[in-house]
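Worksheet for the structure shown next.
Every chain is numbered from 1 and lettered A, B, ... according to where its sequence line falls, protein lines coming before strand lines. Only heavy atoms go into these numbers, but all of them, side chains included; no hydrogens, no water, no symmetry mates. Just so we're clear, the structure is a prediction, and the values are computed from it rather than from any experiment.
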Number of protein chains: 2
Amino acid sequence: MTLSTRDLLPIGELAARSGIAASALRYYEDLGLIHAERTSGGQRRYRRSTLRRLAFIRAAQRIGLSLDEVGESLGRLPVDHVPNAAEWKGVATSWQRRIDQQIEELERLKAKLTGCVGCGCLSLTRCGLYNLDDAAGAAGPGARYLLGDRAPAPPRSQDPPPRPPTY
Amino acid sequence: MTLSTRDLLPIGELAARSGIAASALRYYEDLGLIHAERTSGGQRRYRRSTLRRLAFIRAAQRIGLSLDEVGESLGRLPVDHVPNAAEWKGVATSWQRRIDQQIEELERLKAKLTGCVGCGCLSLTRCGLYNLDDAAGAAGPGARYLLGDRAPAPPRSQDPPPRPPTY
DNA sequence: GTGCAACTTCAAGCCGACTTGAGGTCAAGC
DNA sequence: GCTTGACCTCAAGTCGGCTTGAAGTTGCAC
């Protein structure tokens with residue numbers, strides 16, 4: 001494929017058109033996410049298709065992929081032609097799964113929170129908010145034994161009788 | 001209020017019971033999120049109620065609050081007594097709003113993605129994925145002008161006629 | 001009263017995703 | 001051919017949320 005000069009964008013123009021800082025574009029290149037031709041003087045010249053690639057990257061980031069993972073996703077798409085339905089579907093459905101998981105986690109949180117609005121107690125033993133350690137615990141550190149008095153190998157016997165707790 | 005010795009936990013025990021590393025607990029103290037009494041020798045001793053506070057912190061982080069914001073939320077709760085329904089409700093509903101926004105954003109993404117599975121094109125001019133710059137654009141950098149050929153102050157006239165794009 | 005684990009502080013390091021700055025080169029318009 | 005803005009590389013800095021390490025102290029069991 002021949003490339004007329006108007007198909008090659010200098011970094012500043014790509015930055016303006018994509019809304020992504022030139023420094024970030026160079027960084028993406030270091031990571032191997034995008035690629036640029038070079039002029040004889042060493043300046044970057046980007047194909048227009050890079051804009052599409054950048055859009056893909058931004059979309060992936062929005063879903064919560066790290067740039068590492070974005071690289072993987074990009075690797076699943078063909079290099080030499082626009083992805084066909086089948087190729088694209090693989091990536092898209094894995095993204096969808098990810099989104100669904102995130103939504104699920106948020107719905108769980110929301111449900112517990114709703115329960116708590118009613119109780120107003122923040123009781124360690126009753127409040128669902130302290131029981132967020134669902135097996136399929138999504139991302140994040142995860143509150144593991146936050147039911148204090150029921151921690152593994154509890155040093156002291158029993159939950160003390162409910163007394164007015166303080167903050 | 002008198003505190004018997006069994007109500008005061010050393011940092012290691014609080015760490016074990018909360019599942020939060022001792023170093024993180026010290027860090028939270030630096031940020032003013034939690035507080036500890038001190039022994040005559042200077043070691044930290046935590047009230048049991050700190051466990052509840054930590055649970056609150058973890059829950060808030062899961063919703064996506066920064067520790068700064070967690071501090072604000074904590075500031076809206078009473079220091080001297082367990083929050084009553086009204087006090088708790090303020091915090092909880094602001095958290096719920098936040099969750100709802102996140103879910104909405106994800107639903108939008110998902111919808112666009114679903115459209116794309118069908119089209120398999122990743123066309124710059126047609127694909128919804130490149131149009132994620134909804135006004136109420138949630139968190140994240142936000143793909144601003146990713147419709148490359150329609151960037152503000154477009155240097156060159158028109159969208160070129162659709163040619164097979166490459167990756 | 002002693003031994004040792006658990007604690008203390010303070011400074012520095014780490015991760016991801018970039019940005020900033022210094023010092024120098026390129027390329028396009030006049 | 002010269003000017004000037006856009007570009008180059010490389011190193012270091014930033015931010016949030018911690019962790020790690022060094023060097024020293026405390027407190028509980030025996």
Hey, what's the ring geometry for Trp88(B) with Trp95(B), parallel, tilted or perpendicular (30° and 60° as the breaks)?
perpendicular
Check the phosphate of [N] against [X], side-chain N and O only, distance under 4.0 Å to OP1 or OP2. Yes or no?
X: Gln61(B); N: dC18(D); result: yes
X: Arg44(A); N: dC8(D); result: yes
X: Thr39(B); N: dG27(D); result: yes
X: Tyr28(B); N: dC18(D); result: yes

Rounded off to whole Å, could you give me the [atom1]-to-[atom2] distance for the [X] and [N] pair?
X: Glu37(B); N: dT26(D); atom1: CD; atom2: P; value: 19 Å
X: Arg45(B); N: dG27(D); atom1: CZ; atom2: P; value: 7 Å
X: Asp30(A); N: dT9(D); atom1: CG; atom2: P; value: 9 Å
X: Gln43(B); N: dA6(C); atom1: CD; atom2: P; value: 12 Å
X: Leu31(A); N: dT19(C); atom1: CG; atom2: C1'; value: 14 Å
X: Tyr27(A); N: dG13(D); atom1: OH; atom2: P; value: 17 Å
X: Leu9(A); N: dA27(C); atom1: CG; atom2: C1'; value: 16 Å
X: Ile11(A); N: dC8(D); atom1: CD1; atom2: C1'; value: 10 Å

Nearest nucleotide by nearest heavy atom, which residue falls closer to the 5' end of DNA chain C, Gly42(A) or Gly12(B)?
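Final value for this comparison: Gly12(B).
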Any chance the side chains of Gln61(B) and Arg58(B) put a donor and an acceptor closer than 3.5 Å?
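Checked: Gln61(B)/Arg58(B) side chains pair up, N/O donor to acceptor below 3.5 Å.
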Take Arg44(B) and Arg38(B) through the test side-chain contact (heavy atoms from CB on, under 4.5 Å) and record every step on the way to the result.
CA-CA 5 Å; Arg44(B) 289 173 181 83; Arg38(B) 296 288 182 134; 3.3 Å; yes
Counting the atoms with a prime plus P, OP1 and OP2 as sugar-phosphate, which does Arg26(B) contact under 4.0 Å by heavy atoms, base, sugar-phosphate, or nothing?
base
Please classify the nucleic acid contact of Ser66(B) as base, sugar-phosphate, or nothing, using heavy-atom distances under 4.0 Å.
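Sugar-phosphate, no base atom in range.
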Could you check whether any side-chain N or O of Arg53(A) sits under 3.5 Å from a backbone N or O of Leu33(A), counting only pairs where one atom can act as donor and the other as acceptor?
yes
For Gly41(B) and Tyr46(A), take the nucleotide of DNA chain D holding the closest heavy atom to each; which residue's nucleotide lies nearer the 5' end?
Tyr46(A)
Which atoms form the tightest heavy-atom contact between Ala92(A) and Leu113(B), and what is the distance?
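Shortest heavy-atom separation between Ala92(A) and Leu113(B) comes out as O-CD2, 3.8 Å.
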